[in-house]
Amino acid sequence: KDVQKESEPHVYLSKEEVKEKIQSYNSSVTDKLKMTLNANGIYTGFIKVQMELCRPITVQSSQSQGRCAHSNNETAFYLPDDCVNTLHISSTNTVREVIEALLKKFFVADNPAKFALYKRCHKEDQVYTCKLSDREHPLYLRLVAGPRTEMLSFVLREHETGEVMWEAFSIPELQNFLRILDKEENEQLQILKKRYAAYRDKLEEALGGVWKPG
């Protein structure tokens, strides 16, 4: 289970320190996703973000796939737990901009304010997670941690607000959620009916064998 961790203070690097760290970073990269330092001091590179969403997302129906329910031109469906997306960003991009870029890449129509970006770190046999503020810069965090995702990875989740704030969702979104729940309820009901029907048949067969004259 993830252990929550407080945000660490930002350490500002000089241009020369950034250059040295990028050279060290690129020498350790194994997937060709290297960083590039521009003349103006801004650097670009790649981050990978795992999508860990518990609730359905709303997308344009023409772009949707998987288990879904339709409403006009929008569709709500669940993303698979192992969904990972790679983004090319710059050192000036903030967490909020990264979230917006992720949602745009998936054609997600939901309000970006519903989501939060977390960093996940492995340290001393523990897994720590920390919610990033909207003003932090993910590529800087990637540079400082190095390219190894076991040292640092990024996760997109819904905001942890205790209870779901249903008033933040639109009417079409809520209607789609109800359709998905109805579908899942019906599927589970059919599974239970088949299971108990098979159980009843076995009981009747066993009773027939016990009471069979002979």
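Every value quoted in this text rests on a predicted model; they were computed, and no experiment measured them. Hydrogens, waters and symmetry mates play no part in the numbers below; they use all other heavy atoms, side chains included.
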Practice item. Walk me through it: do D182 and R179 pass the test side chain to side chain contact (heavy atoms under 4.5 Å, CB included)? Key: CA-CA 5 Å; D182 287 342; R179 291 189 181 95; 5.6 Å; no

Handout entry: Donor-acceptor contact below 3.5 Å, side chain S91 vs main chain L139
Key = no

Count I, L, V, M, F, W, Y as connected when their side-chain heavy atoms are under 4.5 Å apart, and connections chain through other members. Are L13 and L152 then in the same cluster?
yes

Any donor and acceptor pair, going by atom type alone, linking the side chain of E97 with main-chain N or O of T94 inside 3.5 Å?
yes

Nearest heavy-atom contact between Y140 and Y43 is CA-OH, 3.4 Å

Rounded to the nearest 0.5 Å, the CG atom of L117 sits from the CD atom of E136 at a distance of 9.0 Å

So CG of L156 and CG of N85: to nearest 0.5 Å the spacing works out to 10.0 Å

Walk me through it: do F154 and V98 pass the test side chain to side chain contact (heavy atoms under 4.5 Å, CB included)? CA-CA 11 Å; F154 295 104; V98 167; over 6 Å; no

Note: V18 and L37 closest approach over all heavy atoms is CG1-CD1, 4.2 Å

| query | Taking N186 for the side chain and K183 for the main chain, is one N or O donor matched with an acceptor at less than 3.5 Å? | reply | no

Same apolar cluster: V84 and I89, side chain cutoff 4.5 Å
no

Do R148 side-chain atoms and S28 backbone N/O form a donor-acceptor pair below 3.5 Å? no

Between K131 and A116 the two heavy atoms that sit nearest each other are CE-CB, 3.8 Å

Those residues at least two apart in sequence (or on a different chain) that pass salt bridge (charged side-chain N to carboxylate O under 4.0 Å, His left out) with K48 are D31

Taken to the nearest 0.5 Å, the spacing of R157 CZ from L53 CG works out to 10.0 Å

Determine whether I47 and V144 fall in the same hydrophobic cluster, where Ile, Leu, Val, Met, Phe, Trp and Tyr are linked whenever their side-chain heavy atoms lie under 4.5 Å apart. yes

Exercise. Would a 4.5 Å heavy-atom cut-off, applied to side chains only, mark L102 and L87 as touching?
Worked result: yes

Let me see the working for K21 and E17 under side chain to side chain contact (heavy atoms under 4.5 Å, CB included), right down to the final yes or no.
CA-CA 6 Å; K21 281 194 172 292; E17 288 174 324; 5.6 Å; no

Main-chain N/O of P112 paired to E100 side chain as donor or acceptor, under 3.5 Å:
no

Margin query: For the backbone of A113 and the side chain of N111, can you confirm whether one donor and one acceptor N or O come within less than 3.5 Å of each other?
Written below: yes

Rounded to the nearest 0.5 angstrom, the CZ-NZ distance for R142 and K119 is 11.0 Å

Q) Is there a path from L143 to F46 through hydrophobic residues (I, L, V, M, F, W, Y) whose side chains come within less than 4.5 Å of each other? A) no

The reported gap from OH in Y25 to CG in L33 (rounded to nearest 0.5 angstrom) is 7.0 Å

Notebook entry, point to check: Are more than 12 heavy atoms from other residues, nucleotides or ligands located less than 6.0 Å from atom CD of Q190?
Noted result: yes

d(S14 OG, K19 NZ) to nearest 0.5 Å is 11.5 Å

